[in-house]
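For reference, the structure I am asking about is given below.
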Number of protein chains: 4
Amino acid sequence: MSQTESIKSVDTKNRIFHAAAKLFANYGFERVSIRQICQAVGVQKPTLYYYFKDKETLILEMLHFAHKLVVEYRNRYIEPHEDFLDKMWGLLQGRKHFVENNPHFFRFYAMIHLFSTPEKVKQEMLRQMLPLLDDFKNLLLLGKQQGYIAAEEDTEIIMQTILGILNQLSIRKFVFQDEQAFSEENLQRVFNFWKKHLFLNRDK
Amino acid sequence: MSQTESIKSVDTKNRIFHAAAKLFANYGFERVSIRQICQAVGVQKPTLYYYFKDKETLILEMLHFAHKLVVEYRNRYIEPHEDFLDKMWGLLQGRKHFVENNPHFFRFYAMIHLFSTPEKVKQEMLRQMLPLLDDFKNLLLLGKQQGYIAAEEDTEIIMQTILGILNQLSIRKFVFQDEQAFSEENLQRVFNFWKKHLFLNRDK
Amino acid sequence: MSQTESIKSVDTKNRIFHAAAKLFANYGFERVSIRQICQAVGVQKPTLYYYFKDKETLILEMLHFAHKLVVEYRNRYIEPHEDFLDKMWGLLQGRKHFVENNPHFFRFYAMIHLFSTPEKVKQEMLRQMLPLLDDFKNLLLLGKQQGYIAAEEDTEIIMQTILGILNQLSIRKFVFQDEQAFSEENLQRVFNFWKKHLFLNRDK
Amino acid sequence: MSQTESIKSVDTKNRIFHAAAKLFANYGFERVSIRQICQAVGVQKPTLYYYFKDKETLILEMLHFAHKLVVEYRNRYIEPHEDFLDKMWGLLQGRKHFVENNPHFFRFYAMIHLFSTPEKVKQEMLRQMLPLLDDFKNLLLLGKQQGYIAAEEDTEIIMQTILGILNQLSIRKFVFQDEQAFSEENLQRVFNFWKKHLFLNRDK
DNA sequence: AATGAATGAGGATTCATTCAT
DNA sequence: AATGAATGAATCCTCATTCAT
């Protein structure tokens, strides 16, 4: 029953955490000051420093959190399925739900791994990304095994194509503010496109 | 060859301009101070303000310059061709040369239009982007006319796919520092993939 | 005696406040930098900004303080008296004590309401001044009621005359550094002059 | 016929001079930058420095010019008259025309001699003022000789009273923006007040 | 668990001024 | 007579961070 952190503590820390995520996602790290975060939460600056050693640590904790989310979504939406196509559909669904339920963390994640951040943060991000990319490559190999992708096909390019589209959807949503980007209907179009152009039809 | 601005002036302004582009591309706007730019150029701060009203104006001028480059590359690498496939290959080549000859401006451009910048800059960027996207849509319509894309095909998704891959190549180059991303060989792989999966083979 | 602010805080804020008043009174707002104020107090710049949002706010707080002083002096030196002549003598005495006990705030006040300041400050000053002028007009009406001023007399001009002399005394003191300006003896001369030339002698 | 300064030169210098006067009068010395003055005139900064050694010199030249104006007005409106009362009426008229025809220089003059300026400017201003005050004292002595002021009267206080009212009129005009302050009618009221309360009626 | 008070370093921007032309 | 280009020093203000409580 006993916990190292009191309920109140967890609460305050969480409030800081999410307020920071939202602000970072909207304005970038450098344009968000500790002061702004504290104002948003309604605490004083030393309180923030009580929970997070410094700004970089705050960002790093957010990065870990975001990564955990990514893994969680993968485990929920992709892993359970056996069939490659089901997994790919899960990929789209997982991304959709990630983006819609945790928009701040998604933007944060995208932001970090696309451009300029404190070096340490970038390093950490790369360390997280590489295994995920490997997983994805394995996913495509599974697609080959199951006969959805021709044996001679270049999985690297298929991977880039798929990741590319996912990113484009995010850009449509966040940069061009197109709320239809992740609509059920649009995902279906994308999925149909994949089935038609990228994957083989096993039914034949 | 008459010039309204003295050689000296043009030179200093240009040096500031390019130094700023490089720094911005590497670290983002907020992490680059006027002082850093001036140090890189070897001038005092008021000199920078002699040429650029303020930091935002400097960024905006860079945006216009980058945009001009984009248009130039398009005019050089895509426009001249008649055949849709030639244009698509030109698209890849143009991107390659842009990225290799003006890496700072390319990164700058990508940075701006992917995430958080002064609001005014973002607005301006969107104003520039939309016509380019329209052009691209027209390009795909041409592909349909020339029979490279089936009439019933969803050009929107083809566009997203192609843009997505181009972005992935940039990410590979700039985030993962993969120098092969824009190698002649890799572009050929991508192009072959497109011809095989996205476009029709008219020869048949 | 309970206090919402710690002793330390009150002290620092007050030291900043009075140092600023003195410097402003001597040199004007624009010629006094935040740095100078901080040096005079012996704190760092962010400390000043901890207590005062910005320079303008500091000036506005000083304006309110000065205004409170003005009202206080009026309440102490003018209000208590019943007789009009006693009130007029209190006016002189009040001004004398204001000028001598709070020379910085008096000069500050005079400075502000004579010339060029941030627009916002000027507005606020006018808002404070107008009721005071009304009070003064009522004072002269009382003089009429009590028979010290002829019914047909133009109170507007009497007011300007009296205010004019008070200002001249201040100018003598602060511009020409004439320490006798507010001497007991000189005030008596002024008062006698008023009795002889501006007010009626009820004793007859 | 030959002049040391060309017509063009005189013109530019004058334009700078008057633009500066206007700006100084409105905003004070410190809040007006060389850049602003140059913009108002439409010349570059080195041009200003070609005509005026530095900002202080510009202010000093303005002070001399304003002083010359003061003397001119006195010579035109006060000197010519023989009768003391005529001179006093001239005093009011002269002030009125000064204020109305050269509002910038008048404000400038008032500003300078009321508060905070570069020390050198203040000194110079005092050097100019003292003789003028002496003149004014002599004027009142003439009033005594002509029987308009009782022999035993305290001329010092009468002087302060008269100067005080003149200043109040200026304050009404420039601070409270009361355009009636120097109206013919109001001057008449003031003058009548003086005749009734400050001066003797010789006609008896 | 939280804060009031404080700071050193640095941010963007502007100042009056100069020099070569 | 006028300017384009440049600058050292200063402006106001904010940053991330800390320490004693």
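Letters go in sequence order (proteins before strands), and every chain restarts at 1. Atoms considered below: every heavy atom in the structure, side chains included; atoms not considered: hydrogens, waters and symmetry mates.
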Report task. For A:L48 and E:dA1, give me the distance from atom CG to atom C1', rounded to whole Å. Result ->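 Rounded to the whole Å, the gap is 14 Å.
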Query raised in the report: Knowing that exactly one of B:F65, B:F17, B:F29, B:Y109 qualifies, which makes a ring-ring contact (aromatic ring centres under 6.0 Å, His included) with B:F24?
Result: B:F29
Query raised in the report: Taking CG from C:D11 and C1' from E:dG4, how many angstroms apart are they, rounded to a whole number?
Result: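 From C:D11 CG to E:dG4 C1': 14 Å.
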Requested in this report: May I ask you to verify if any side-chain N or O of A:T47 is less than 4.0 angstrom from the OP1 or OP2 atom of E:dT3?
Outcome: yes
Query raised in the report: A:H104: what forms a side-chain hydrogen bond (donor to acceptor under 3.5 Å, both in side chains) with it, not counting sequence neighbours?
Result: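 Testing A:H104 for side-chain hydrogen bond (donor to acceptor under 3.5 Å, both in side chains), a comparison that skips the adjacent residues, returns none.
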**Report entry** Residues in side-chain hydrogen bond (donor to acceptor under 3.5 Å, both in side chains) contact with A:H18, at least two apart in sequence or another chain
**Finding:** A:N14
Query raised in the report: Taking a pair as Watson-Crick (N1 to N3 plus N6-O4 or O6-N4) or G-U wobble (N1-O2 and O6-N3), both under 3.5 Å, which stems of 3 or more consecutive pairs involve DNA chain E?
Result: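 Stems (3+ consecutive pairs) listed as E:2-21 with F:2-21.
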Query raised in the report: Under a 4.0 Å N-O cut-off, is there an ion pair linking C:K122 with C:E119?
Result: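 Answer for the salt bridge query: no.
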Query raised in the report: Is the shortest side-chain N/O distance from B:Y51 to OP1 or OP2 of F:dG4 below 4.0 Å?
Result: no
Query raised in the report: Is C:Y50 near enough to E:dA5 that one of its side-chain N or O atoms lies under 4.0 angstrom from OP1 or OP2?
Result: yes
Report summary line: Heavy-atom contacts, protein to nucleotides 14-21 of chain F, under 4.0 Å, summarised as B (base), S (sugar-phosphate only) or - (none) per nt, yield BBBBBB--
**Report entry** N/O (side chain, A:Q44) to phosphate O (OP1/OP2, E:dG4) under 4.0 Å
**Finding:**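 For E:dG4, OP1 or OP2 has a side-chain N or O of A:Q44 closer than 4.0 Å.
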Query raised in the report: Does a side-chain heavy-atom distance below 4.5 Å link C:R107 with C:N26?
Result: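 Of all side-chain heavy-atom pairs linking C:N26 with C:R107, at least one is under 4.5 Å.
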Donor-acceptor pairs are to be reported for all side-chain atoms of residues 36-46 of chain B against protein atoms at under 3.5 Å, with residues two or more places apart or in another chain.
unit_1	atom_1	unit_2	atom_2	d
B:Q36	OE1	B:S33	N	2.9
B:Q36	OE1	B:S33	OG	3.4

Query - Side-chain touch A:F52/A:K13, heavy atoms, less than 4.5 angstrom - result: yes
Query raised in the report: According to a strict under-4.0 Å criterion, is C:T12 in side-chain N/O contact with OP1 or OP2 of E:dA6?
Result: yes
Requested in this report: Starting at atom CD1 of B:I37, determine the distance to atom P of E:dG10, rounded to an integer number of angstrom.
Outcome: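 One finds 17 Å between P of E:dG10 and CD1 of B:I37, rounded.
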**Report entry** Rounded distance in Å - CZ (D:F52) to C1' (F:dA1)
**Finding:** 14 Å
Requested in this report: Taking the side chain as every heavy atom from C-beta outward, state whether C:F106 and C:L69 have any atom pair closer than 4.5 Å.
Outcome: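 No; the side chains remain at least 4.5 Å from each other.
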Requested in this report: Whole angstrom is fine here: how far is it from CD1 in B:I59 over to P in E:dA12?
Outcome: 10 Å
Query - With C:K120 via salt bridge (Lys or Arg N to Asp or Glu O under 4.0 Å) - residues at least two apart - result: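 Applying salt bridge (Lys or Arg N to Asp or Glu O under 4.0 Å) to C:K120 gives C:E56.
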